[in-house]
Engineer: 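Handing you this structure, nothing more for now.
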Amino acid sequence: MGTPAGRARPVRVLVDMDGVLADFEAGLLRGFLQRFPGEPHVPLEERRGFFAREQYRALRPDLADKVASVYEAPGFFLDLEPIPGALEALREMNDMQDTQVFICTTPLMKYDPCVPEKVRLPQRSTGKLSFRSSDLLKETMGDFPGSSEYRWVEKHLGPQFVERIILTRDKTVISGDLLIDDKEVIQGQEETPSWEHILFTCCHNQHLALSPPRRRLRSWSDNWREIIDSKRRALPLDPGCLELPQQ
């Protein structure tokens, strides 16, 4: 008689956008230098802390609003370059067996509340809730704050990934196994989120030393596959996938 066998449920991976998929920091510096060429700036190698606005405020108080005006400008996000290797990694991740991938990002506070950013709209053909492509969103609601993120995803990853965007103010309430994010500390309503936070290395956090068991993904050329596989091995077996013993 054989022993019962089964497999774990799919691994759910949440991937941040700014600084993980899209090169926010390089785009911000480039935009700042273009708009305010005579002003002091913070080189990427000197960036410290998640919020660029606060570091610019420390440099000179009036610079905080100037740097914010760069990333709050319409179309800023759409023009960001992808992080090297990010698009290829996300496509490969999405094709991995027993792996669910979602893009999990936080909208800018300036646009709160902004109902159009929560773009789950009913499909007329089915009546079910699903994401529309950015073109349909623009036709339906016009150009709205936050729409550039959707167009960025559609431009670089295709419409199938637009359907996998999660916009939330609080990532701790989102269910997942892994969250790949460049923010060093993520807090919210849930003190112990379901996911393990993998810190993605960015210029503003590269100086931080992580204490075990925290893990870091230094770039998309780092071994992200092993991180997912290690999480898969740690998942409990799904009772619904148990096979009947062989006679």
Engineer: Is there a side-chain contact between Ile166 and Ile103 in this structure, where contact means two heavy atoms from C-beta onward sitting under 4.5 Å apart?
Structural biologist: no

Engineer: Could you check whether atom CD of Glu226 has more than 12 heavy atoms from other residues, nucleotides or ligands sitting under 6.0 Å from it?
Structural biologist: yes

Engineer: If the threshold is 4.0 Å, N to carboxylate O, is there a salt bridge linking Asp177 and Arg9?
Structural biologist: yes

Engineer: How far apart are the closest heavy atoms of Tyr56 and Val42, and which atoms are they?
Structural biologist: OH-N, 3.1 Å

Engineer: Salt-bridge test for Glu196 and Arg214: reply yes if a basic N is under 4.0 Å from a carboxylate O, no otherwise.
Structural biologist: no

Engineer: Answer yes when Lys66 and Asp62 have at least one side-chain N-carboxylate O distance shorter than 4.0 Å, and no when they do not.
Structural biologist: yes

Engineer: I need the Leu63 CG to Phe36 CZ distance, nearest 0.5 Å.
Structural biologist: 9.0 Å

Engineer: Taking atom CG of Asp65 and atom CD of Glu72, what is their separation to the nearest 0.5 Å?
Structural biologist: 8.5 Å

Engineer: Test salt bridge (charged side-chain N to carboxylate O under 4.0 Å, His left out) on Arg215 and Asp222 and set out the steps.
Structural biologist: CA-CA 12 Å; Arg215 297 191 281 180; Asp222 203 357; over 6 Å; no

Engineer: Out of curiosity, does Leu217 fall in the hydrophobic cluster containing Leu199 (side-chain heavy atoms, cut-off under 4.5 Å, transitive links)?
Structural biologist: no

Engineer: Going by side-chain contact (heavy atoms from CB on, under 4.5 Å), Ile198 matches just one of Ile180, Val13, Leu179. Which one?
Structural biologist: Ile180

Engineer: Identify whether Leu208 and Ile186 are in the same connected component of the hydrophobic contact network (ILVMFWY, side-chain heavy atoms under 4.5 Å).
Structural biologist: no

Engineer: If every non-hydrogen atom of Pro40 is compared with every non-hydrogen atom of Arg60, which pair is closest and at what distance?
Structural biologist: CD-NH1, 3.8 Å

Engineer: List the steps, then state whether salt bridge (charged side-chain N to carboxylate O under 4.0 Å, His left out) holds for Arg151 with Glu154.
Structural biologist: CA-CA 5 Å; Arg151 289 199 291 272; Glu154 187 173 50; over 6 Å; no

Engineer: With rounding to the nearest 0.5 Å, note down the distance linking CD in Gln34 to CZ in Phe32.
Structural biologist: 12.0 Å

Engineer: How about Arg47 and Gln55: does a side-chain donor come under 3.5 Å of a side-chain acceptor?
Structural biologist: yes

Engineer: Can you list the steps and then say if Cys203 with Glu45 is a side chain to side chain contact (heavy atoms under 4.5 Å, CB included)?
Structural biologist: CA-CA 6 Å; Cys203 58; Glu45 61 271 18; over 6 Å; no

Engineer: Are Asp181 and Lys171 ion-paired here, with the side-chain N under 4.0 Å from a carboxylate O?
Structural biologist: yes

Engineer: Around atom CZ of Arg218, are there more than 12 heavy atoms of other residues, nucleotides or ligands at under 6.0 Å?
Structural biologist: no

Engineer: Which heavy atom of Gly19 sits nearest a heavy atom of Ile83, and at what distance?
Structural biologist: O-CD1, 4.1 Å

Engineer: Any donor and acceptor pair, going by atom type alone, linking the side chain of Asp95 with main-chain N or O of Glu92 inside 3.5 Å?
Structural biologist: no

Engineer: Assert yes or no for the condition that the ring centre distance of Phe76 to Phe24 is strictly below 6.0 Å.
Structural biologist: yes

Engineer: How about Gln189: does its CD atom have over 12 heavy atoms from other parts shown lying under 6.0 Å from it?
Structural biologist: no

Engineer: Taking all heavy atoms of Gly49 and all of Glu184, pick out the closest pair and write down the distance.
Structural biologist: CA-OE2, 4.3 Å

Engineer: Can a donor-acceptor pair be found between the side chains of Arg216 and Thr201 at a distance below 3.5 Å?
Structural biologist: yes

Engineer: Do Leu59 and Leu33 land in one hydrophobic cluster if side-chain heavy atoms of ILVMFWY residues count as linked below 4.5 Å?
Structural biologist: yes

Engineer: How close do Cys104 and Leu14 get, heavy atom to heavy atom, and via which atoms?
Structural biologist: CB-CB, 4.0 Å

Engineer: Regarding Asp170 and Thr172, do their side chains bring together a donor and an acceptor under 3.5 Å, going by distance alone?
Structural biologist: yes

Engineer: Just wondering, do Val11 and Asp98 contact through their side chains at under 4.5 Å, heavy atoms?
Structural biologist: no

Engineer: Begin from the C-alpha positions of Asp16 and Lys183 and carry the test side chain to side chain contact (heavy atoms under 4.5 Å, CB included) through to its verdict.
Structural biologist: CA-CA 9 Å; Asp16 182 34; Lys183 190 174 184 180; over 6 Å; no

Engineer: Looking at every non-hydrogen atom in both residues, tell me the closest pair between Arg35 and Ser69 and how far apart they are.
Structural biologist: NH1-O, 2.9 Å

Engineer: Is the closest side-chain heavy-atom distance between Leu21 and Trp152 below 4.5 Å?
Structural biologist: yes

Engineer: Ignoring hydrogens and geometry, is there a side-chain-to-backbone donor-acceptor pair from Arg48 to Asn205 under 3.5 Å?
Structural biologist: no

Engineer: Distance from Leu90 atom CG to Arg164 atom CZ, nearest 0.5 Å?
Structural biologist: 9.5 Å

Engineer: Any side-chain donor-acceptor pair under 3.5 Å between Thr99 and Arg232?
Structural biologist: yes

Engineer: Are Leu80 and Phe51 joined in one hydrophobic group, where the rule is that I, L, V, M, F, W and Y side chains link up if heavy atoms are under 4.5 Å apart?
Structural biologist: no

Engineer: Does Arg91 come within less than 4.0 Å of Glu88, counting only side-chain N to carboxylate O?
Structural biologist: no

Engineer: Carefully, step by step, assess Leu167 and Thr106 under the rule side chain to side chain contact (heavy atoms under 4.5 Å, CB included).
Structural biologist: CA-CA 6 Å; Leu167 271 178; Thr106 300; over 6 Å; no

Engineer: Going from CE on Met96 to CE on Met93, what distance comes out if it is rounded to the nearest 0.5 angstrom?
Structural biologist: 7.5 Å

Engineer: For Phe77 and Tyr71, I'd like to know if the aromatic rings sit close, meaning centre-to-centre distance below 6.0 Å.
Structural biologist: no

Engineer: Determine which pairs satisfy ring-ring contact (aromatic ring centres under 6.0 Å, His included) with at least one residue from residues 167-215, sequence neighbours left out, and list them in order.
Structural biologist: Phe50-His204, Phe200-Trp220

Engineer: Under 4.5 Å between side-chain heavy atoms, hopping through other hydrophobics if needed: is there a path connecting Leu210 to Trp224?
Structural biologist: no

Engineer: Run the side chain to side chain contact (heavy atoms under 4.5 Å, CB included) test on Asp18 and Thr105 for me, step by step, so that the C-alpha distance in whole Å, both residues' side-chain angles and the decisive distance to 0.1 Å come before the verdict.
Structural biologist: CA-CA 8 Å; Asp18 307 12; Thr105 188; 4.1 Å; yes

Engineer: When rounded to the nearest 0.5 angstrom, what is the spacing between CG in Leu178 and CD in Gln100?
Structural biologist: 12.0 Å

